[in-house]
Amino acid sequence: MSEKVTLRDVAAHAGVSRATASLVLRGTGRVAPRTRERVLASMAELGYIYDQVAASLRTRHARVVGVVVTNIGNPNLAEVILGLEAEFRQAGYLPLLTVTRDDAAQQDEAVAALQEHKIAGLAMVPASGTDPALTERLTASGLGHVFVTRYVEGARTSFVGTDDIRGGELAGQHLVEHGCRRLAYLGGPAWMLSRHERLSGVRRAAESSGGQVEELIDLPSETSGGGGLAAGRELLDRGELPDGVVCHSDSVAFGLYRALRERGVGGEGVRVIGYDDIPGAALWEPPLTSIAVHGRRLGQRAARLLLDRMTDPYAAPVVHRSEPELAIRESCGCRTP
């Protein structure tokens, strides 16, 4: 008696991934018509029979995907969430959003509750202090999961985010090209991994300047407008302002400008670059030069990766770091049309 044909056999015969074959089988997701026809033809040729009863016993989950984030008020995370939501709905899944306020204990409670509700998958922006063993527990339970925008050192899981070292380097290089000699990195909590990476990128640019950069001031703060305002005041209290500032986020840059105006200091002598390139950055005055990470695109990519993980939660982790881009406007001293 011949062995039973599996969906993996069908995928190999059709030259597609198992995840794509699964989408065709379920009639969901974005699959090109020709690809769908090819998969269906392979099913017919191989004699594949879908065991609905076995599948139900195997999965026992609702068509709901858990989305766990640290801060719903973060403008870039809002873009990421919109990207996730659009892709999940397109694939026939309802996203269920939970906010942890960047608290690892609240995160553990939220994940446990979502698992009790038999979610089909989990997209998560991990909270500070997340135990790397969390991913092992999720994998052991058969729950497909993806970390988004943040990763956890030592955690073996799929991740979608931005190359923050390169982002910091792009910002630093641009200020060096403007002739800046004294730089500052403003905002972001001192413990935050993304801050360390972005700051290391700025340092790399400063070290490559051939001695042009004489000083790099480092001022942590909350990643918010209020944090930028507080850090901006501290920067002003130091006396002489640097001629170039890289901010940990666009919101921090907005706070810095508030601090400058509060003290009656014009922004003309300080070149400022934000990070994230949120929609409001181009509407600021002066229009804010920023490192574009394309949050909505990140969310869409993370959702597509999670849909793959949901069909094969034990597959090897996939890590994708997108290349950031410098969105040049006027706050850096450039004159744009």
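Computed from heavy atoms alone, side chains included, the values below leave out hydrogens, waters and symmetry copies.
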Arg329 bridged to Asp277 by N-O distance under 4.0 Å:
yes
Test item: Thr311 side-chain N/O and Asp308 main-chain N/O as donor-acceptor pair under 3.5 Å
yes
Examine Val148 and Val293 and state if one hydrophobic cluster contains both, with Ile, Leu, Val, Met, Phe, Trp and Tyr joined whenever side-chain heavy atoms are less than 4.5 Å apart.
no
For Val245 and Leu175, which heavy atoms make the closest approach, and how far apart are they?
N-CD1, 3.9 Å
Do the numbers put Arg198 on top of the ring of Tyr275, so that NZ or CZ is under 6.0 Å from the six-membered ring centre and no more than 45° off the axis?
yes
For the backbone of Gly187 and the side chain of Arg195, can you confirm whether one donor and one acceptor N or O come within less than 3.5 Å of each other?
yes
Would you say Thr70's side chain and Thr100's backbone share a donor-acceptor pair under 3.5 angstrom?
no
Quick check for you: to the nearest 0.5 Å, what is the distance between Tyr185 atom OH and Leu183 atom CG?
12.5 Å
Val270, Ile273: one ILVMFWY side-chain cluster at the under-4.5 Å cut-off?
no
Which pair of heavy atoms, one from Ala155 and one from Pro132, lies closest together, and at what distance?
N-CB, 3.9 Å
Does the pair Arg8/Asp312 count as a salt bridge with the N-to-O cut at 4.0 Å?
yes
Taking every non-hydrogen atom, the tightest pair across Leu134 and Thr130:
CD2-CG2, 3.9 Å
Quick one: do Thr162 and Leu298 satisfy side chain to side chain contact (heavy atoms under 4.5 Å, CB included)? Show the steps, please.
CA-CA 8 Å; Thr162 306; Leu298 282 181; 3.5 Å; yes
Does Asp103 reach the main-chain N or O of Ala105 with its side chain, forming a donor-acceptor pair under 3.5 Å?
yes
Is the side chain of Glu79 donor-acceptor paired with the backbone N or O of His294 at a distance under 3.5 Å, no angle test?
no
With rounding to the nearest 0.5 Å, note down the distance linking CG in Leu229 to OG in Ser224.
9.0 Å
Would you say that more than 12 heavy atoms from the other residues, nucleotides or ligands in this model lie under 6.0 Å from the CZ of Arg182, or not?
yes
With side chain to side chain contact (heavy atoms under 4.5 Å, CB included) as the criterion, how do Val272 and Cys247 come out once you've worked through the C-alpha distance, each side chain's angles and the decisive distance to 0.1 Å?
CA-CA 7 Å; Val272 178; Cys247 295; 4.0 Å; yes
In Å, rounded to the nearest 0.5 Å, how long is the span from CH2 of Trp284 to OH of Tyr257?
9.0 Å
Between the side chain of Ser221 and the main-chain N/O of Gly227, is any donor-acceptor distance below 3.5 Å?
yes
Using distance alone, with no hydrogens and no angle criterion, decide if Ser290 and Asp250 have a side-chain donor and acceptor under 3.5 Å apart.
yes
Minimum-distance pair of heavy atoms, taken over all atoms of Arg233 and Ala259:
N-CB, 3.8 Å
Reported CG-to-CG distance for the pair Leu235 and Leu256, which is rounded to 0.5 angstrom
7.0 Å
Is there a side-chain contact between Glu85 and Leu97 in this structure, where contact means two heavy atoms from C-beta onward sitting under 4.5 Å apart?
no
State the NE2-SG distance between His174 and Cys180, to the nearest 0.5 angstrom.
9.0 Å
Asp163 side-chain N/O to Pro324 backbone N/O, donor-acceptor pair under 3.5 Å:
no
Smallest heavy-atom separation, Arg38 atom then Gly15 atom, equals NH2-O, 4.2 Å
Considering only NZ, NE, NH1 and NH2 on the basic side and carboxylate oxygens on the acidic side, decide whether Glu169 and Arg166 come within less than 4.0 Å.
yes
Does one hydrophobic cluster hold both Val99 and Val146, with members joined at side-chain heavy-atom distances below 4.5 Å?
yes
Kindly compute the distance separating CG (Asn76) from OG1 (Thr149), expressed to the nearest 0.5 Å.
7.5 Å
Regarding Arg203 and Glu207, does a basic nitrogen lie under 4.0 Å from an acidic carboxylate oxygen?
no
Taking Arg271 for the side chain and Cys332 for the main chain, is one N or O donor matched with an acceptor at less than 3.5 Å?
yes
Please answer: with hydrophobic residues joined when any side-chain heavy atoms are less than 4.5 Å apart, are Ile291 and Met192 in the same cluster?
no
Gln107 side chain vs Ala127 backbone, donor-acceptor pair below 3.5 Å
yes
Just by distance, with hydrogens left out, do Ser128 and Asp102 show a side-chain donor and acceptor under 3.5 Å apart?
yes
Please determine whether the number of non-hydrogen atoms from other residues, nucleotides or ligands lying under 6.0 Å from atom CZ of Arg156 exceeds 12.
no
Taking Ser208 for the side chain and Ala205 for the main chain, is one N or O donor matched with an acceptor at less than 3.5 Å?
no
Side-chain H-bond candidate by donor/acceptor type, His145 with Thr135, under 3.5 Å:
no
Decide side chain to side chain contact (heavy atoms under 4.5 Å, CB included) for His320 and Leu305; before the verdict, give the C-alpha distance in whole Å, the side-chain angles of both, and the deciding distance to 0.1 Å.
CA-CA 10 Å; His320 177 81; Leu305 178 56; 5.9 Å; no
The side chain to side chain contact (heavy atoms under 4.5 Å, CB included) partner of Val65 among Leu94, Leu306, Leu84 is Leu306
Considering all heavy atoms of both residues, which atom of Leu114 and which atom of Gly66 are nearest to each other, and what is their separation?
CD1-CA, 4.1 Å
In terms of side-chain geometry, is the basic nitrogen of Asp237 or Arg263 positioned less than 4.0 Å from the acidic oxygen of its partner?
yes
Can a cation-pi geometry be assigned to Arg321 and Tyr151, taking NZ or CZ under 6.0 Å from the six-membered ring centre and within 45° of the ring axis?
yes
State, without any angle test, whether Thr289 and Glu330 hold a side-chain donor-acceptor pair at a distance under 3.5 Å.
no
Would you say Arg137 has more than 12 foreign heavy atoms packed within less than 6.0 Å of its CZ?
yes
